[in-house]
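These values consider heavy atoms only, across backbone and side chains, with no hydrogens, waters or symmetry-generated copies.
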Amino acid sequence: MPQIIQKLSSAFKSAAVQALLLSTSCYLNATTVNVPQSGPYVADTHTVLLEHFDASTSGTPTGPSVGYRSGIYGQAISLTIGSWVSWNMGGLAQGTVEFWGLMDTLDYSGLQPNFIQASYWPFLADTFTTGLFNGVPTTSYHTGFGYRPGGDWVEGSSDQPITAGTWNHFATTWGSDGFHFFINGILVFESSDPYAQNGSTGIWAIGGPNYHPYASGAGFTGAIDELRISNIQRYFSNVPEGSLQGVFPIMVVGLLLARGFISRKNKRQTTD
């Protein structure tokens, strides 16, 4: 047995196995979002809003500059700060907000830009946000007053800034299984907060004004593609459909077999 363990240890230090570990490491974590997508999102019974933004939107465009440009799949909606698209929708007891986002610039002259935000009324007292706060990706939601000891907001952020002109995938989940924030499929923040979103939510919007309204955030300049809002927590407790979890161990064992670290011959010698 010690000889086998030593050989396995040597195998995992080899360049080939290290490369395999690196290239497939994301699939070892059940909290990894299945990103990049293999195709556009498809609506299911848990989908509250799905927007592909292929030259159209079901929302209400407002402001001087709402258009379309090349996106992740087909086209994406293009906005400048001071423009937005909104939908009349309420809050969610549990949910997932996911989308691809790109900012053309990271300079907003002191404003905190938001990709998406929900609020009581149009940009009056936010109840959900995903954007940049002090230059880093941040997501948050409001639980309603008095529901959460220590404060009514649940917030998480990444310590890694994004780059202007680069697409990133953002996903936020909240509900009974806690609060999670993913960027490009990587879990960057989590907490055990089980609270629902503020039930007084009345509107959701991408983009926003070119100033900070009361208890709300500004918009941004850039693009969004593949926006999906769901009434379940999609990413954290169940392995995303289409991931390679479970395939990785087989690949490693196969490589070890091919390299002769485990062989039928050695097995026969061990059991004789």
Side-chain angles (χ1 to χ4, degrees), residues 26-35 37 41-51 87-101 114-120 125-131 133 136-159 168-206 215-217 224 226-246:
C26 64
Y27 298 113
L28 292 177
N29 190 345
T31 60
T32 296
V33 183
N34 191 17
V35 174
Q37 301 160 238
Y41 285 132
V42 177
D44 58 24
T45 57
H46 299 292
T47 304
V48 177
L49 176 69
L50 176 60
E51 288 278 357
W87 298 264
N88 294 322
M89 300 192 311
L92 298 169
Q94 61 176 353
T96 302
V97 174
E98 54 193 321
F99 61 92
W100 289 89
N114 288 275
F115 285 113
I116 183 170
Q117 48 192 319
S119 53
Y120 290 99
D126 279 344
T127 64
F128 177 88
T129 66
T130 299
F133 185 75
V136 298
T138 303
T139 191
S140 61
Y141 76 101
H142 192 261
T143 64
F145 298 104
Y147 287 97
R148 180 176 182 266
D152 302 317
W153 279 93
V154 181
E155 180 179 296
S157 61
S158 168
D159 59 359
N168 292 279
H169 185 274
F170 302 91
T172 304
T173 74
W174 69 92
S176 59
D177 286 306
F179 175 67
H180 303 78
F181 184 32
F182 303 84
I183 300 178
N184 296 325
I186 304 301
L187 180 64
V188 297
F189 182 88
E190 64 178 333
S191 76
S192 60
D193 290 282
Y195 306 100
Q197 182 189 11
N198 192 317
S200 297
T201 301
I203 190 169
W204 291 74
I206 56 172
S216 295
I224 287 180
E226 289 296 298
L227 169 65
R228 181 170 66 170
I229 300 176
S230 308
N231 60 13
I232 59 170
Q233 294 178 264
R234 290 190 182 273
Y235 306 123
F236 52 88
S237 60
N238 295 314
V239 179
E241 188 175 325
S243 79
L244 296 182
Q245 176 135 359

**Item:** Where Q197 and G91 come nearest, the two heavy atoms and their spacing
**Value:**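 Closest approach of Q197 to G91: OE1-CA, 3.3 Å.
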Ignoring hydrogens and geometry, is there a side-chain-to-backbone donor-acceptor pair from [X] to [Y] under 3.5 Å?
X    : Y    : value
Q117 : S216 : no
N231 : V48  : no
E190 : G178 : no
S119 : T201 : no

Is there a side-chain contact between [X] and [Y], using heavy atoms and a 4.5 Å cut-off?
X    : Y    : value
T47  : R228 : yes
V136 : S158 : no
S176 : Q233 : yes

Atom [atom1] in [X], atom [atom2] in [Y]: separation rounded to 0.5 Å?
X    : Y    : atom1 : atom2 : answer
D152 : T143 : CG    : OG1   : 5.0 Å
F170 : T138 : CZ    : OG1   : 10.0 Å
F181 : I186 : CZ    : CD1   : 12.5 Å

**Prompt:** Hey, are H180 and T173 close enough side-chain-wise for a donor-acceptor pair under 3.5 Å?
**Reply:**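 A pair is found: one side chain offers a donor N or O, the other an acceptor, under 3.5 Å apart.
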**Asked** Can you pull the salt bridge (Lys or Arg N to Asp or Glu O under 4.0 Å) pairs that have at least one residue in residues 138-151, sequence neighbours excluded?
**Response**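 Passing the test, one end in residues 138-151: R148-D193.
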**Prompt:** Got a sec, which residues hit side chain to side chain contact (heavy atoms under 4.5 Å, CB included) with E51, two or more places apart in sequence or on another chain?
**Reply:**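 Testing E51 for side chain to side chain contact (heavy atoms under 4.5 Å, CB included), a comparison that skips the adjacent residues, returns L49, F53, T57, S58, W87, L227.
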**Message:** Checking Y120 against N198 for the side chain to side chain contact (heavy atoms under 4.5 Å, CB included) test, could you report, in this order, the C-alpha distance in whole Å, the side-chain angles of both residues, the deciding distance, and whether it holds?
**Reply:** CA-CA 9 Å; Y120 290 99; N198 192 317; 2.8 Å; yes
**Message:** Ring-plane angle category for W174 and F128, please: parallel below 30°, perpendicular beyond 60°, tilted otherwise.
**Reply:**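 Ring orientation of W174 relative to F128: tilted.
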**Request:** On the 0 to 90° scale, with breaks at 30° and 60°, tag the Y141-F179 ring pair as parallel, tilted or perpendicular.
**Result:**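 It falls in the tilted class, 30° to 60°.
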